[in-house]
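Reckoned from all heavy atoms, side chains included, excluding hydrogens, waters and symmetry mates.
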Amino acid sequence: MHDAYEAIDVLKRLPLAIESIANRGHVTLLVGTKPGHLLVYNVKRKMGTSHIDIDLERSNRSFSRKPIQQLYVSPEFKILVSLSDGVVSVHDLHSYQLISVIQRAKGATLFSADLEVFELNFIFKHGAYALRLCIVVRRKLQIYFWKHRDFIELHNDITLPEPPKAMAWCKDSICMGFKREFYIVKLDGNDAIRELFPTGKSMEPVIGKLGVDQLILLKDETSVFIDSEGEVTNKNPFTWSDNPVAVEYYAPYLLGILPKYIEVRTVEPKRLIQSIDMMKPRVVASWRNWTFVASTNHIWSIGQIAVEKQIEQLTAGKEYEIALQLAKSCTDEDRSKRIQHIHTLLAFEQFCRLQFAESLATFANLSVDAVQVIGLFPDLLPTDYRKGLKYPGEIPTLKNDDLERGLLALSDFLMQKRNETLVLDQQKLPEVYPMMGGNTTVVLKRQLLQIIDTTLLKCYLKTNDALVAPLLRLPHNNCHVEEAEKVLKKANKQRELIELYRKKGLHRKALHLLLQESKKSKNEENQENMIEYLQHLGKKHLDLIFTFAPEILKLNPIEGLKIFTADLAEVDSLPRKKVLDFLSDISPKLVMAYLEHVIYEWYDTTTEFHNRLATSYKDTVLELLNKYEQSIPEGKFSLTISYQCPVELQETRNKLISFLEISMHYQPERILPDFPQKKLIEERAILLGRSGKYQQALALYAYALHDLPRAEQYCCKLYDQDPKANKDVFIYLLKMYLTPESLGNDGLGVECPTSINLHAALRVMYVHVNRIEASKALELLPDSVRATDIHVFIGKVLEKQSEVKHKLQVLNSLMLSESQQVHEQRIYHESNKCKITEERTCPVCRKKIGVSAFARFPNDVVLHYFCCKDKNIKPI
């Protein structure tokens with residue numbers, strides 16, 4: 001407790017019984033007596049003392065013939081409102097002459113005034129005022145407002161269940177206290193009276209104002225706060241030592257006028273501040289910060305002690321919440337610094353009470369250096385730096401659950417500060433304050449973010465290590481590398497350490513650690529992590545990829561190749577030529593697999609890649625063929641693919657043949673010399689055909705492979721590709737069958753037979769009659785061929801020629817008919833005449849045609865030639 005107010009005697013042993021009082025600050029005190037006298041006193045208080053001089057300025061004995069029950073002063077309107085003998089009167093505040101009497105309010109027992117202040121706009125320095133008056137007349141409420149020096153009716157009368165004993169305004173509501181219940185009525189047109197709660201054992205209800213939009217109702221010794229809607233606003237009401245007879249509020253204090261003394265309390269936090277002994281106080285009057293309390297014949301002034309002195313006492317007693325409220329009411333130059341200092345002391349005290357959430361929330365709203373807040377916790381800042389920091393008191397030692405709760409609250413505080421700092425544009429931080437004088441503060445944005453992120457990492461390791469990895473993956477991670485590395489190693493967080501290296505660009509360290517993990521336990525997950533890491537490096541770190549990839553490729557070639565084939569932008573950016581050369585030094589199979597992905601998945605048309613894939617297939621096939629030759633008896637080997645061949649050999653050779661047939665981007669003349677003449681005959685035939693050497697390709701099919709159907713298929717394929725350019729391909733095939741001696745053996749790559757194959761030649765002529773020039777084919781036939789052998793061929797040729805002739809005749813007839821129709825149309829159109837007279841005008845420009853160039857439309861409309869060029873013009 002501390003001394004917030006002091007009671008000073010103003011009037012002692014007044015000979016007249018005091019019935020009511022009112023004041024106008026520290027200047028004027030008005031006393032209404034039981035005999036009806038109005039006493040006006042001048043009040044003066046000497047600065048720096050507790051002595052008050054009071055002089056009787058006026059004694060108006062004829063003010064009323066009955067006791068003056070109520071007085072209300074309105075300095076804004078310069079009037080005095082009084083209630084005496086059931087009459088509400090209005091007097092001038094200076095001359096005390098009667099201005100008016102509210103005639104309708106005769107029989108009044110109680111009134112309550114309300115002064116509203118309206119801020120007009122920024123032009124006016126002062127607001128506008130409105131004075132409302134509520135009067136109880138028997139069981140009616142009468143509502144008035146002051147205008148033109150008189151009270152005018154504002155609202156219809158409101159009927160009450162009984163006359164209230166206490167009453168107060170709260171915005172547009174009026175709260176009333178009856179003998180047993182509190183009620184409230186809203187002046188919104190509905191005028192419905194709502195019951196609130198009982199008054200308690202006391203039959204004298206008490207209502208006090210708590211600001212503009214709040215009232216305090218006394219239920220015996222208990223205070224209940226309500227708003228203008230009648231809703232209870234405080235869930236935990238506090239209790240007075242006795243039943244108050246009146247209550248006054250001066251932030252942050254609540255004064256309760258009790259029968260034997262005055263209690264001074266605070267609403268938040270709930271504290272008993274002071275008790276002031278006083279003999280039987282009955283009535284109270286207040287205006288701004290001046291309060292007068294009166295008994296039957298004694299008046300006291302309740303003056304507040306200097307705020308600075310109170311704050312000094314409160315901070316010494318660690319009552320920072322109350323000190324802070326008082327500091328906010330000050331208007332001196334040191335106000336902001338004083339509030340900042342008390343806020344800091346309050347936050348530190350909350351921390352010492354282990355109220356971490358409240359403490360750090362207070363620190364978050366202050367401009368206190370965040371690093372010094374971190375220093376409140378152990379093992380988060382370097383020891384030497386933390387020892388150099390000063391604090392308002394001794395920091396409590398945190399352990400176990402208390403430490404964990406504190407670190408959780410600190411994590412939220414740091415994340416808030418981090419977000420606030422990141423959005424700053426400048427690199428220098430706004431002004432921050434040290435927790436104590438002499439402490440240095442962090443002024444650079446980058447340095448603060450580094451400390452915050454590193455501290456967050458330490459907090460998460462101690463409270464929730466699942467948040468460590470997400471913190472390290474943040475786009476703007478600013479953890480101090482050496483410090484973070486040390487704590488992560490100590491906690492054995494290998495994955496998180498790798499993430500730290502990755503975000504900081506220390507890829508070599510990260511890859512060494514990943515490689516060690518892969519070697520320690522040949523776990524597929526460890527290998528996948530390393531593969532994934534290498535995939536995201538990109539071409540900028542190609543040397544690192546080539547350094548660490550061989551180990552993974554040896555451990556798991558199939559998955560390891562994904563380093564270079566994954567569907568990622570970083571992988572796609574790698575230079576494929578360099579990757580291919582790198583894989584060539586490791587394994588031919590990897591080369592072949594990589595090229596397959598590049599060509600078939602990425603649709604790369606680079607000639608070199610297609611050449612190398614064909615060569616890779618060829619080398620693999622030859623290698624497998626050599627093994628296969630050594631494993632079978634001599635003389636049993638076949639040049640064609642056999643079902644007896646190993647599966648790998650068959651699959652690889654099928655890939656090679658398919659690739660040579662499909663791909664259009666390799667250079668056949670360049671890779672052909674690498675294919676041996678005695679083994680890969682079919683492949684050579686494809687390459688010879690691609691090189692334009694059709695005769696050699698056909699010779700290989702027919703004589704080396706002895707596969708006549710394949711030779712025919714090859715001819716069909718060539719003919720279908722370009723019938724005009726390859727119209728003689730079947731003639732080449734017939735020559736090989738009928739006149740092999742004319743071809744010779746040079747350049748074919750195979751020895752031609754000396755005997756003819758008439759049966760095969762006749763079959764080709766019969767099947768492909770529509771693709772063979774008949775005259776050339778007949779010239780190749782030997783003289784020994786009988787007419788009966790070729791009569792089918794001759795018949796098909798004649799049939800074809802007859803069909804062609806018939807089509808030409810039909811086409812000729814159609815063309816003649818069309819020509820005749822065109823001729824007739826020409827005659828028809830030439831027969832129409834167009835006469836241009838001197839009066840004929842152009843419909844577009846409305847000018848005469850004259851001798852200008854013109855155009856005539858089929859509907860006989862004539863325009864200037866220039867006018868008809870516009871496509872938007874349509875002749876009518």
Side-chain angles (χ1 to χ4, degrees), residues 591-592 595-596 598-600 603-626 628 637-642 645 648-723 725-733 735-737 743 745-752 760 764 768 771:
V591 172
M592 188 165 61
L595 287 171
E596 286 177 343
V598 168
I599 293 171
Y600 292 126
Y603 305 106
D604 196 311
T605 59
T606 304
T607 301
E608 183 180 357
F609 294 158
H610 285 254
N611 289 346
R612 291 193 68 170
L613 181 56
T615 305
S616 297
Y617 282 146
K618 179 264 299 180
D619 293 339
T620 304
V621 170
L622 289 176
E623 182 182 352
L624 295 172
L625 274 174
N626 290 334
Y628 178 55
F637 177 72
S638 173
L639 293 175
T640 59
I641 298 176
S642 171
C645 293
E648 185 180 2
L649 174 57
Q650 294 185 40
E651 291 179 351
T652 308
R653 194 168 183 191
N654 286 336
K655 287 182 180 180
L656 173 58
I657 293 172
S658 176
F659 177 75
L660 293 176
E661 290 178 342
I662 294 172
S663 175
M664 305 298 293
H665 303 289
Y666 63 86
Q667 297 171 309
E669 63 280 356
R670 183 172 180 180
I671 64 175
L672 179 60
D674 296 334
F675 282 73
Q677 296 186 0
K678 301 298 183 181
K679 290 187 176 181
L680 303 180
I681 307 299
E682 188 173 355
E683 290 81 348
R684 285 182 59 81
I686 297 172
L687 291 172
L688 287 169
R690 281 292 183 87
S691 302
K693 300 176 182 180
Y694 306 129
Q695 295 186 42
Q696 295 181 12
L698 285 172
L700 290 177
Y701 282 121
Y703 300 141
L705 295 175
H706 304 289
D707 192 345
L708 301 183
R710 286 290 298 277
E712 289 186 33
Q713 291 176 9
Y714 184 72
C715 291
C716 291
K717 181 179 178 182
L718 291 176
Y719 186 88
D720 292 339
Q721 288 177 354
D722 193 348
N726 301 323
K727 62 180 180 177
D728 292 331
V729 66
F730 284 98
I731 299 300
Y732 296 149
L733 183 60
K735 284 182 180 180
M736 282 190 286
Y737 290 158
L743 298 175
N745 296 324
D746 296 336
L748 294 179
V750 65
E751 185 177 352
C752 296
V764 169
H768 304 287
R771 300 175 178 179

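K618 NZ: more than 12 foreign heavy atoms inside a 6.0 Å radius. Within 6.0 Å of atom CZ in R670, 12 or fewer heavy atoms from other residues, nucleotides or ligands are found, so the atom counts as exposed in its surroundings.
Proximity of L718 to Q721: side-chain heavy atoms (C-beta onward) are separated by under 4.5 Å at one or more points. Using a 4.5 Å heavy-atom cutoff, the side chains of R690 and M664 are in contact. Side-chain contact between I599 and S663 is absent, with no heavy atoms from C-beta onward closer than 4.5 Å. Residues V621 and K679 have side chains not in contact (no heavy-atom distance under 4.5 Å, counting atoms from C-beta outward). Counting heavy atoms from C-beta outward, L680 and L625 have side chains that approach closer than 4.5 Å. In this structure, the side chains of L708 and Y737 come closer than 4.5 Å at one or more pairs of heavy atoms. Counting heavy atoms from C-beta on, the side chains of M592 and L595 never come closer than 4.5 Å. Contact of the Y719 side chain with the H768 side chain is not registered, since no non-hydrogen atoms from C-beta on lie closer than 4.5 Å.
The structure places NZ of K655 at 4.0 Å from CD of E596, a figure rounded to the nearest 0.5 Å. Distance check: T606 OG1 to H665 NE2 gives 9.5 Å after rounding to the nearest 0.5 Å. Here the OG1 atom belonging to T607 is positioned 5.5 Å from the CD atom belonging to Q667, to the nearest 0.5 angstrom. A distance of 8.5 Å separates CG in N726 from OH in Y732, rounded to the nearest 0.5 Å. Taking CG of D728 as the reference point, atom CZ of R771 lies at 14.5 Å (rounded to 0.5 Å). Put simply, OH on Y666 and CG on L687 are 5.0 Å apart, with the number rounded to the nearest 0.5 Å.
The two atoms that bring S691 and E669 nearest to each other are OG-N, 3.8 Å, heavy atoms only. Residues L733 and A711 share a closest heavy-atom pair of CD1-CB, 4.2 Å. Scanning both residues, A697 and G689, for their nearest heavy atoms gives CB-N, 3.8 Å. Nearest approach of C715 to V729, heavy atoms of both residues: O-CG1, 3.7 Å.
Ring-plane geometry between F659 and H610 is classed as parallel, the angle between the planes falling under 30 degrees on a 0 to 90 degree scale with a further cut at 60.
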side-chain contact (heavy atoms from CB on, under 4.5 Å) evaluation trace for I662 with Y600 | CA-CA 11 Å; I662 294 172; Y600 292 126; 5.9 Å; no

List the steps, then state whether side-chain contact (heavy atoms from CB on, under 4.5 Å) holds for Y714 with L700.
-> CA-CA 11 Å; Y714 184 72; L700 290 177; over 6 Å; no

Pair R684-L660, side-chain contact (heavy atoms from CB on, under 4.5 Å): steps then yes or no | CA-CA 10 Å; R684 285 182 59 81; L660 293 176; over 6 Å; no

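In summary, D619 and R612 do not engage in a salt bridge, as defined by a charged side-chain N under 4.0 Å from a carboxylate O.
Between the side chain of T652 and the backbone N or O of E648 there is at least one donor-acceptor pair closer than 3.5 Å.
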